[in-house]
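Right, one structure below, let's go through it.
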Amino acid sequence: MQSLPPAGTRIRNDFNGETFIFTHMDDEADEVRSEVFLERGGMLTGTGRQHLHPNADEEFIVQTGMLRIMVDGSWHTLGPGEGLVVTRGTPHLFRNGHDGKTLFTAKFRPAHDFLRLFLNMSMNIANNPSWYDAKGEPPLLLQALALHAFRGHAYGHGIPIWVQKLLFAVLGPVALLKGYRLAMPPRSRRQPQAKPRAAKS
C-alpha cells in the first residue's frame with residue numbers, strides 16, 4: 001500500500017487557486033481533517049458541482065475570510081469562527097465568499113477513505129495538469145476511475161447513484177487503457193457502509 005505524504009503537505013490547484021493543506025495524515029483516524037486555502041479570486045466561480053456523500057457528514061469551519069456554501073439548493077455565508085455541518089446524502093458545493101483570501105477547515109465523519117480520495121484528486125491535478133481542461137475539469141474517464149476506486153464516497157447530484165456506480169464501473173477499466181492512473185490508491189476496495197441505527201425500544 002502506498003504510504004501517505006508527511007503531515008503539513010500543501011498541494012495547490014493552479015486552475016482555481018485552491019490549496020489543500022493536509023494537516024492530519026492518519027489512515028486509522030475516526031475523522032478526516034484538512035485545511036483549505038482559497039486565494040483572492042480563487043473559487044469565486046469554481047469548477048465543483050453539487051455533489052453528495054452518502055455515508056459521511058462534512059463540516060466546514062471558517063478560520064479567516066468568508067465562505068459560501070450551497071446546501072440542498074440554498075446558499076449560506078459563513079464568516080470567521082462560524083461553521084456548518086452538511087449531513088450525509090445532502091447535495092452541496094462551496095465557493096469563496098468574497099474577493100479576498102479564505103481559510104477554512106473541512107472535516108469528514110466517519111473518515112472512511114476520504115483522506116486518500118482528496119490526496120488523489122489534488123495530487124493528480126498538480127502532477128498531470130494536461131489531463132484537465134482549461135477550467136480544471138477532469139475528463140469523464142478520470143472521474144470514473146477515481147470514483148469507482150473510492151466508490152461510496154462521493155456522487156454527483158441529480159443522477160441516480162446506481163446509474164453513476166454502473167457508469168464508473170464500466171468506464172474505470174477504459175480509463176486505465178487510456179493511460180489514466182490514480183496518484184494515491186484507496187486503502188481498501190471495500191465500500192463504506194452507513195452505521196446501523198440503534199433499534200427503537
Side-chain angles (χ1 to χ4, degrees), residues 10-24 31-112 114-115 117-122 124-126 132-140 142-143 146-147 150 152-165 167-168 192 194:
R10 302 171 65 100
I11 304 177
R12 182 178 185 272
N13 183 331
D14 291 337
F15 291 99
N16 64 15
E18 175 188 50
T19 298
F20 271 90
I21 308 167
F22 293 93
T23 53
H24 297 73
E31 72 173 21
V32 168
R33 175 176 179 169
S34 62
E35 313 298 324
V36 181
F37 175 68
L38 305 177
E39 300 169 13
R40 182 181 181 185
M43 285 293 286
L44 285 174
T45 55
T47 57
R49 299 184 177 93
Q50 281 200 85
H51 61 281
L52 55 91
H53 310 291
N55 300 299
D57 303 324
E58 183 175 8
E59 182 177 8
F60 298 84
I61 305 170
V62 176
Q63 297 185 32
T64 60
M66 297 181 67
L67 187 67
R68 294 187 74 215
I69 306 174
M70 178 184 283
V71 181
D72 207 11
S74 298
W75 282 106
H76 304 264
T77 301
L78 305 179
E82 296 180 321
L84 179 67
V85 175
V86 179
T87 56
R88 63 196 68 190
T90 305
H92 63 284
L93 59 79
F94 70 86
R95 298 283 186 262
N96 196 344
H98 68 142
D99 187 22
K101 300 175 181 178
T102 295
L103 179 67
F104 70 92
T105 300
K107 299 180 181 180
F108 287 88
R109 303 186 192 92
H112 296 307
F114 281 100
L115 174 58
L117 171 61
F118 283 99
L119 276 168
N120 173 74
M121 290 171 52
S122 35
N124 256 347
I125 203 166
Y132 298 77
D133 68 17
K135 294 183 179 180
E137 290 281 5
L140 178 59
L142 181 57
Q143 291 184 63
L147 295 178
F150 292 93
H153 286 73
Y155 296 97
H157 174 54
I159 302 175
I161 289 178
W162 71 267
V163 173
Q164 297 182 63
K165 287 182 177 180
L167 181 65
F168 299 156

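Sequential numbering from 1 along the given sequence is applied to the chain's residues.
- Side-chain atoms of Asp72 and Thr90 include no donor-acceptor pair closer than 3.5 Å.
- Here His53 and Phe114 bring their ring centres to under 6.0 angstrom of each other.
- Remark: the His92 side chain and the His51 side chain contain an N/O donor-acceptor pair separated by less than 3.5 Å.
- Taken from CE in Met121 to CG in Leu147, the straight-line distance is 8.0 Å, to the nearest 0.5 Å.
- Residues Val85 and Glu58 fail the side-chain proximity criterion, which asks for heavy atoms closer than 4.5 Å.
- By the side chain to side chain donor-acceptor pair (under 3.5 Å) test, Thr77 pairs with no residue at all, sequence neighbours left out.
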Steps toward side chain to side chain contact (heavy atoms under 4.5 Å, CB included) verdict (Glu82, Met66): CA-CA 9 Å; Glu82 296 180 321; Met66 297 181 67; over 6 Å; no

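- Note on Glu39 versus Arg12: salt bridge recorded, some NZ/NE/NH1/NH2 to OD/OE distance being below 4.0 Å.
- Taking CG of Leu167 as the start and CD of Gln143 as the end, the distance is 9.5 Å to the nearest 0.5 Å.
- For Asn124, the side chain to side chain donor-acceptor pair (under 3.5 Å) partners at least two apart in sequence or on another chain are Asn128.
- The distance from atom CG of Leu38 to atom NE2 of His98, rounded to the nearest 0.5 Å, is 8.5 Å.
- A perpendicular orientation is assigned to the rings of Phe150 and His153, their planes being inclined by more than 60° (bins at 30° and 60°).
- A 4.5 Å side-chain heavy-atom check between Leu93 and Trp75 finds at least one atom pair inside the cut-off.
- Residues forming a side chain to side chain donor-acceptor pair (under 3.5 Å) with Arg68 (at least two apart in sequence, or on another chain): none.
- Here Thr23 pairs with nothing under the side chain to side chain donor-acceptor pair (under 3.5 Å) rule; sequence neighbours left out.
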Residues Phe94, Phe104; criterion ring-ring contact (aromatic ring centres under 6.0 Å, His included); working and verdict: CA-CA 11 Å; Phe94 70 86; Phe104 70 92; 5.3 Å; yes

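- Of all the heavy atoms in Pro110 and Ala56, the pair that sits closest is O-CB, 3.8 Å.
- When side chains are defined from C-beta on, Thr102 does not count as touching Thr64, because their heavy atoms never get closer than 4.5 Å.
- Contacts of Asp57 classified as salt bridge (charged side-chain N to carboxylate O under 4.0 Å, His left out), with partners at least two apart in sequence or in another chain: Arg88.
- Note that CG of Asn16 and CG of Asn13 are 3.5 Å apart. Values are rounded to the nearest 0.5 Å.
- When side chains are defined from C-beta on, Leu103 does not count as touching Val36, because their heavy atoms never get closer than 4.5 Å.
- Contacts of Phe37 classified as ring pair (Phe, Tyr, Trp, His ring centres under 6.0 Å), with partners at least two apart in sequence or in another chain: none.
- A salt bridge is absent between Glu59 and Arg33; no separation between the charged side-chain nitrogens and carboxylate oxygens falls under 4.0 Å.
- Glu35 and Gln63 form a side-chain donor-acceptor contact under 3.5 Å, judged by distance and modelled atom types alone.
- Listed here is the closest heavy atom pair of Pro80 and Gly65: CD-O, 3.3 Å.
- Residues Ile125 and Ser122 share a closest heavy-atom pair of CG2-O, 3.3 Å.
- Residues Lys107 and Val32 have side chains not in contact (no heavy-atom distance under 4.5 Å, counting atoms from C-beta outward).
- Contact check for Ser34 versus Phe118: no side-chain heavy atoms found under the 4.5 Å cut-off.
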